[in-house]
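Order of the sequence lines fixes the chain letters, A, B, ..., with proteins taken first and strands second; residue numbering starts at 1 for each chain.
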Amino acid sequence: MAHDKPRVDAATGTTTTGHEWDGISELNTPLPRWWLWVFYACIVWAVGYWLVYPSWPLVSSYTKGMFGWQSRDAIVADLAGLKVLRGPMTEKLANASLADISGDPSLLEFARAQGKTAFADNCAPCHGAGGAGAKGYPNLNDDDWLWGGKLTDIATTITHGIRSADPDARTGSMPAFGRDNMLPKADIAAAADYVRSLAGLPADKGAQIDKGKQVFADNCAVCHGEDGKGNRELGAPNLTDRIWLYGSDKAVIVEGLTNGRGAVMPNWGGRLDASTVKALAVYVHTFGGGEKE
Amino acid sequence: MLADPPVVSSAGHTGGKAPAAAAGAAAMAADDEPLYAARPKIYPQKVSGTFRRIKWAVLLVTLGIYYLLPFVRWDRGEGAPSQAVLVDFPGRRFYFFFIEIWPQEVYYLTGLLIIAAMALFLMNAVAGRVWCGYLCPQTVWTDLFFAVERFFEGDRRARMQRDDAPWTTDKLLRKAGKHAVWLLIAWWTGGAWVLYFADAPTLVKDLATFQAPFIAYASIGVLTFTTYTLAGHMREQVCVYMCPWPRIQAALTDEYALNVTYRRDRGEPRASVKKSAVLRDKGLPAGDCVDCNQCVAVCPTGVDIRDGASLGCIQCGLCIDACDTVMAKIGRPERLIAYDTEVNIRRRAEGLAPILQLIRVRTLLYVGIIAIAGGIMLYTLVNRATLGISVLHDRNPIFVQMADGSVRNGYTVRILNKQPQAQEMTLALEGLPGAALEIVGITSAEAQRHVVEVGRDQTRELRVLVTLKDRPPASTNDIAFVVTASGGGETARTADHFRGP
């Protein structure tokens, strides 16, 4: 192969690499050699990573690395650290009575923060992220409570549930007056008219309020009270206020009278520890509807 | 250099016109030429003069500030840190003498960065790479490391000779001494850095007794390594290959800017002292440059200033000092190399008087931007509120219908107390007559007067409920929360809404 002199770029006096495109030639401006060594060092560093950390996938496993490092261990360590950090307050919360918590601003703040997380994890699927509820799932923000709105009442409800498997669960249900042939349809319709009038809702055309009043006194007052203000021992709702768990339309009330009502809330006592239940009770209480002891 | 050229194949010459088959040969030809260059070692010579003195002064002031500032105390009262300059990450505060910045006030940093950038631009428009030559940490630490090297190994010639000579005990001891002192300075550099992030005297004690947190030792280790490597070994390579500033600053200077310049109009044609004298006697043109190469010998980056401005030239002015020394010896006027402008070189060539035009559009623009950014920062700093309130309306539910028909809205209110002492604050609601305010967990003695105590230099989050007995006038009502420091102090307000059906 014939050899020749290197080309030198006239303008700069620099030799070219011999690469030329359309008359433009590449100047050979050499990089410092240490740059090359840094590049090799990076490759060696990468190999080091393979050895130290989990890296290569195998058929059913992967290379574990020299020290068995796992991201799961890191998060476990972080969570343990968090637990230590929260330790004194968690202990204080566990030993405090519900009344103590509401009287101590720092403990209240801690309980609310804990409660907020626990609520989002456990309660929000039914009661909504902000506790606003839905049809059949009570709004926890308002001041209408089926089973009581004091801190202790709320804690009891959370611990034992409503119509749950817990032997101490809150029980009592609305009978299915229609389905079980306890009342004829006409009586049910009249009772619905009367119930609406109790809450001050406008009467439909042809409403049989007087007849309904009689039906109510004979069948409903046992649980809901003579005046319809309900009974928290049985979870019988106050029928005179503005809050309706299922809705205030006559059809909805008739449906309830016909088929009964009996929604279930799980008992959380077995799943959550006592301090979490306390925190949840405080959080729900401070939505704003909580009642004073 | 061309006398004994490396060989390349003829395919290299045909270039783009070569058939595809010749491409492999062309690639081979390229391989014959080295693509990586060994680094020429630079042995800057000792120099004295005006600019060397300026550089020593800048070095003393900047390093003095850097190493000692963490120990300066500033009384902020009980419970507050007493360090003048402190970045308190765990406490999320930044202290600078009488200024205390909270994380949400990080926009002051934006202002500082704008001012810093414009100051750099202004420096370039007035006097070139002042930053590179005098102020850059790389320059300052490298200068210090050069001084240490000179102390142990002597000046340029001695160092060059010793590096070429075989190893002896003397050489070993000198080298070892130099590296030991370098490492000590590097370690102290890292050590000073971490003192800005914790109480300096306490941390020094903790570091000495091995009680300091791991991150402190790790930071010191990293900075020791970088200082030792960058200032001791990498030196001008950082400026030429690693730093983006030379590229940017080259675009910021112009023909009116003072730059370290070889006055080629005066220096050329160069010749030795004797030859120049002969030429002058004959009345032939002879330049002042005697080609003694002192300007190159003292250069910390190894460039030849006589080639004109270049990427490698950090414009430290040491070649001015070197050349002035030579000029004084040979009895020619000083400042053959000087801070000069391209405009003046042209003007002198045309026989015109040199001019210095500092007030130009770009300098005025930079000064203007610095003044505006600085003015805004100063104004906001002087008028900085020490009381604040933020409100977040509940998103779910937006409002709550109560059993008696009244409507309630929930809010998360956060009150900020930037005062150095705890304060009692009164929270009030405006814009919704008849509405009742309630703070969860706080029962107020007086009706509708809600007093909250907020700790010194802290915030306090509150859950606030606003209830209106009747249906609100509209589905969205404008309201405002007002917080007032007790004793008729500062007031802060924030607008929000009261929602209803």
Checklist outcome for this item: Honestly, the part of Leu31(A) sitting under 4.5 Å from a heavy atom of chain B is both
Checklist entry - Is the OH atom of Tyr137(A) crowded by more than 12 outside heavy atoms at less than 6.0 Å? => result no
Item to check | Rounded distance [0.5 Å steps], CG in Asp142(A) versus CE in Met402(B) | outcome: 6.5 Å
Item to check | Within residues 113-132 of chain A, residues adjacent to chain B where the heavy-atom gap is under 4.5 Å | outcome: Gly128(A), Ala129(A), Gly130(A), Ala132(A)
Checklist entry - Should we count CZ of Arg395(B) as having more than 12 external heavy atoms under 6.0 Å? => result no
Checklist outcome for this item: Taking every heavy atom of Arg33(A) against every heavy atom of Tyr36(B), the minimum-distance pair comes out as NH2-O, 3.0 Å
Checklist entry - For Arg264(B), does the CZ atom sit with more than 12 other heavy atoms under 6.0 Å from it, leaving out its own atoms? => result no
Next on the checklist: Taking every non-hydrogen pair under 4.5 Å, which of Asn396(B), Leu462(B), Ile398(B) racks up the most with chain A?
Outcome noted: Asn396(B)
Checklist outcome for this item: Rounding to 0.5 Å, atoms CG (Asn141(A)) and CD (Gln401(B)) come to a distance of 12.5 Å
Next on the checklist: Does any part of the side chain of Asp241(A), heavy atoms only, come nearer than 4.5 Å to the side chain of Asp404(B), both counted from C-beta?
Outcome noted: no
Checklist outcome for this item: Nearest heavy-atom approach of Gln237(B) to Pro32(A) is OE1-CB, 3.7 Å
Checklist entry - Within a reach of under 6.0 Å around NE2 of His393(B), are more than 12 heavy atoms found that belong to other residues, nucleotides or ligands? => result yes
Checklist entry - Does a side-chain heavy-atom distance below 4.5 Å link Arg112(A) with Arg463(B)? => result yes
Checklist entry - If you count the non-hydrogen atoms of other residues, nucleotides and ligands that lie under 6.0 Å from CZ in Arg414(B), is the total more than 12? => result yes
Checklist entry - With a cut-off of 6.0 Å (strictly less than), are more than 12 heavy atoms of other residues, nucleotides or ligands near OH of Tyr246(A)? => result yes
Next on the checklist: Given heavy-atom pairs under 4.5 angstrom as the criterion, report whether the side chain, backbone, both or neither of Arg460(B) touches chain A.
Outcome noted: side chain
Next on the checklist: Surrounding CD of Glu233(A) (heavy atoms of other residues, nucleotides or ligands, distance under 6.0 Å), is the total greater than 12?
Outcome noted: no
Item to check | For the student: nearest non-hydrogen atoms of Leu465(B) and Phe287(A), plus distance | outcome: CD2-O, 3.7 Å
Checklist outcome for this item: Note: Asp144(A) and Ala403(B) closest approach over all heavy atoms is CB-CB, 4.4 Å
